[in-house]
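Within every chain, numbering begins at 1; the chains are lettered A, B, ... in the order of the sequence lines, protein sequences first and strands thereafter.
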Amino acid sequence: MNRKLKESFFKDVYEVVKLVPHGRVTSYGAIANYLGAKSSARMVGWAMNSSHNIPDVPAHRVVNRNGMLTGKHHFDTPTKMEELLTVEGVKVSDDKIINFKEVFWDPSLELI
DNA sequence: ACACTGACCACTG
DNA sequence: CCAGTGGCCAGTG
């Protein structure tokens with residue numbers, strides 16, 4: 001993959017994540033689906049893994065399709081993701097979101 | 001160049 | 001319903 005294409009893909013992922021409303025969450029697959037065939041859920045996860053330096057990217061609002069906080073270990077502290085979600089009104093228990101379907105935000109449906 | 005891994009997902013039996 | 005499997009694409013040893 002060319003560096004420019006890679007940067008473009010990263011940028012797209014970050015843009016979508018930034019658009020996730022406060023108190024709502026989305027999934028890797030939803031982002032991949034929204035960005036199109038050139039992306040895949042794994043690539044979205046990989047992009048998020050490289051989002052350490054990127055400011056204003058609420059990575060805690062991105063979970064897997066079951067609402068599980070699979071990425072929590074990649075935060076500063078393992079509890080950070082859970083705390084951030086809880087503060088925003090998202091119910092988290094045992095590393096998964098309770099009211100997932102209520103707070104789920106699909107970019108391909110919510111964006112034009 | 002090869003094999004394995006990964007913040008994933010959908011299909012199959 | 002659960003486990004296994006394949007696809008996805010890039011990074012790493």
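In terms of heavy atoms, A:G89 sits closest to A:N99 at O-ND2, 4.1 Å. Nearest heavy-atom pair across A:A30 and A:F104 is CB-CZ, 4.1 Å.
Contact annotation for A:N64: backbone-only contact, meaning every heavy-atom pair under 4.0 Å involves sugar-phosphate atoms and none involves a base. The residue A:A59 sits close to a base: some heavy atom pair falls under 4.0 Å.
For the P atom pair drawn from B:dT5 and C:dT5, the interatomic distance equals 15 Å after rounding to whole Å. Between C:dG4 and B:dA7, the distance separating the two C1' atoms is 22 Å to the nearest Å. Comparing the C1' positions of B:dC4 and C:dG6 gives an interatomic distance of 16 Å, to the nearest angstrom.
Comparing B:dA7, B:dA10, C:dC9 against the side chain of A:N49 picks out B:dA7 as the nearest. Nearest nucleotide to the A:M48 side chain, out of B:dA7, B:dG6, B:dC9: B:dA7. For A:M43, the listed nucleotide lying nearest its side chain is C:dA10; candidates were C:dA10, C:dC8, B:dA7.
One can place NE2 of A:H73 at 18 Å from P of B:dT5, the figure rounded to the nearest angstrom. The CZ-C1' distance, from A:R65 to B:dC9, rounds to 8 Å in whole Å. Atom OH in A:Y14 sits about 12 Å away from atom C1' in B:dA7, given to the nearest Å. To the nearest angstrom, C1' of B:dC9 lies 14 Å from CG of A:D106. If you take CG of A:N66 and C1' of B:dA10, they are 12 Å apart, rounded to a whole angstrom. One interatomic measurement links the two molecules: OH of A:Y28 to P of B:dA10, which rounds to 14 Å at whole-angstrom precision. One can place CD1 of A:I54 at 16 Å from C1' of B:dA7, the figure rounded to the nearest angstrom. Straight-line distance from the CZ atom of A:F9 to the P atom of C:dG11: 11 Å, rounded to whole Å.
Between A:R61 and A:E88 there is a salt bridge, since at least one side-chain N of the basic residue sits less than 4.0 Å from a carboxylate O of the acidic one.
No close placement of the A:Y28 and A:W46 rings is indicated, their centers lying 6.0 Å or farther apart.
In a base pair of the Watson-Crick type (N1 to N3 plus N6-O4 or O6-N4) or a G-U wobble (N1-O2 and O6-N3), with each distance short of 3.5 Å, C:dG11 is matched with B:dC4.
Hydrophobic clustering (side-chain heavy atoms under 4.5 Å, transitive across Ile, Leu, Val, Met, Phe, Trp, Tyr) groups A:F9 together with A:L19.
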